[in-house]
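Here is the structure we will look at, set down as structure tokens.
Remember, it's 1-based here, ligands and their atoms both numbered in the order they're listed.
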Amino acid sequence: MELFDSHAHYDDEKFNEDRDYIIEEVYKSGVTKFVSAGYSLESSKKGIEISNKYDYVYTTCGISPNDIPDGKDKITQELIQIEKLAKENAKVLAIGEIGLDYYWNKDNKDLQKYVFLEQIKIANKLNLPIMIHTRDAIMDTIEIIKNTEFVKPGIFHCCPLNKELIQAGLNKDFYISFAGPVTFKNSKNAKEIVSMVPLEKILIETDSPYLSPEPNRGKRNDSRNVLFIAKKIAEFKNITVEEIAKITYENAKHVFNIK
Ligand code: NI
């Protein structure tokens, strides 16, 4: 059985001591493809470095709502850099993570929307999907998804378990990526939410090194734990974990356009 972790962060300092070792262990465990996602200009550059070292590691470039630099000029410069990195590096599979986050930043909503929309334009221009981060910003995210054209179907990364948001995504042909929270005992609507997403639209991810799924909640996360997400989704969908592994692997290859 092979698994595809659609979203992790191997540039994170939590992997500074053992990054290469963990990446190799992940691969040996059967997670034979994974994405180390960028969230700032700096991490996008690191993601490219890491992905160039391993055939089976991919990356994304983008500026998250929590990593917007100060000043209009700086923002413009960074957006130009993101576009250039994404254009010139074959291992960059998407523009992300990008989006809205009113949990950490409530005072710059218009700026967040601007940076989000500018990066959607970059993705459309480069014929890439977007990878969305959204937190405490459901209504504004839905509004943008509804009113924007996408050249490629996007991905809701670590998708909040919210029906309206998921429906808005599915209406635009988006993929829904489930992470650790579907395994949490307090995620009471997880089964209902997973049930509303057709198998061909489901991705699985760890968001490592954060958000470890049960039974490893609280420990440092790595892509080996994507197995627990797969098991949970299989249980909800009443099919085998092998089937979920295969379907989500194919879905990831499809959305990311990997041959
Ligand atoms: Ni992430």
Side-chain angles (χ1 to χ4, degrees), residues 3-16 19 22-23 26 31 33-51 57-68 78 82 85-86 91-105 112 115-116 119-120 123 128-138 141 154-162 165-166 169 174-184 187 202-213 216-226 228-229 248 252 255-256:
L3 289 152
F4 195 133
D5 181 359
S6 297
H7 187 111
H9 299 283
Y10 284 100
D11 66 305
D12 195 279
E13 61 182 17
K14 287 197 165 62
F15 292 115
N16 281 356
R19 181 170 293 109
I22 293 293
I23 288 176
V26 163
V31 183
K33 289 192 192 304
F34 47 100
V35 176
S36 184
Y39 50 87
S40 64
L41 180 57
E42 190 60 28
S43 86
S44 299
K45 287 178 183 167
K46 284 192 195 153
I48 290 170
E49 242 171 71
I50 296 167
S51 68
V57 183
Y58 297 85
T59 193
T60 69
C61 287
I63 300 168
S64 94
N66 301 320
D67 295 274
I68 300 171
E78 290 205 0
I82 291 291
L85 289 173
K91 297 298 275 299
V92 177
L93 301 180
I95 299 298
E97 49 187 285
I98 60 174
L100 304 174
D101 192 324
Y102 301 162
Y103 177 82
W104 291 112
N105 293 294
Q112 289 191 37
V115 174
F116 185 21
Q119 293 182 98
I120 294 173
L128 291 172
I130 56 166
M131 195 177 251
I132 299 178
H133 166 105
T134 176
R135 188 164 183 196
D136 286 3
I138 302 270
T141 305
I155 299 154
F156 277 128
H157 128 68
C158 190
C159 192
L161 303 177
N162 177 285
L165 180 74
I166 290 179
F174 275 33
Y175 287 74
I176 311 298
S177 185
F178 291 111
V182 292
T183 70
F184 296 170
S187 294
I202 294 180
L203 300 174
I204 51 176
E205 64 164 80
T206 57
D207 207 10
S208 298
Y210 306 98
L211 269 179
S212 277
N216 291 326
R217 202 169 172 184
K219 296 182 196 154
R220 183 181 73 172
N221 200 2
D222 69 56
S223 295
R224 287 174 288 193
N225 286 326
V226 80
F228 298 110
I229 321 289
T248 52
V255 68
F256 292 128

Q: Nearest 0.5 Å please: distance from the OG1 atom of Thr60 over to the CD1 atom of Ile95.
A: 8.0 Å
(Q) Just to verify, what does Pro65 make a side-chain contact (heavy atoms from CB on, under 4.5 Å) with, not counting sequence neighbours? (A) Asp101, Gln112, His133
Q | Pair Tyr39, Asp11: side-chain N/O donor-acceptor within cut-off below 3.5 Å | A | yes
Q: Tell me yes or no: between the side chains of Asn66 and Asn105, is some donor less than 3.5 Å from an acceptor?
A: yes
Q. Which protein N, O or S atoms lie under 2.8 Å from the Ni ion (ligand 1)?
A. His7 NE2, His9 NE2, Glu97 OE2, Asp207 OD1
Q: Could you check Tyr10, Tyr58, Phe256 and say which one makes a ring-ring contact (aromatic ring centres under 6.0 Å, His included) with Phe34?
A: Tyr10
Q) At their closest point, which heavy atom of Phe184 faces which heavy atom of Ser212, and how far apart are they? A) CE2-O, 3.4 Å
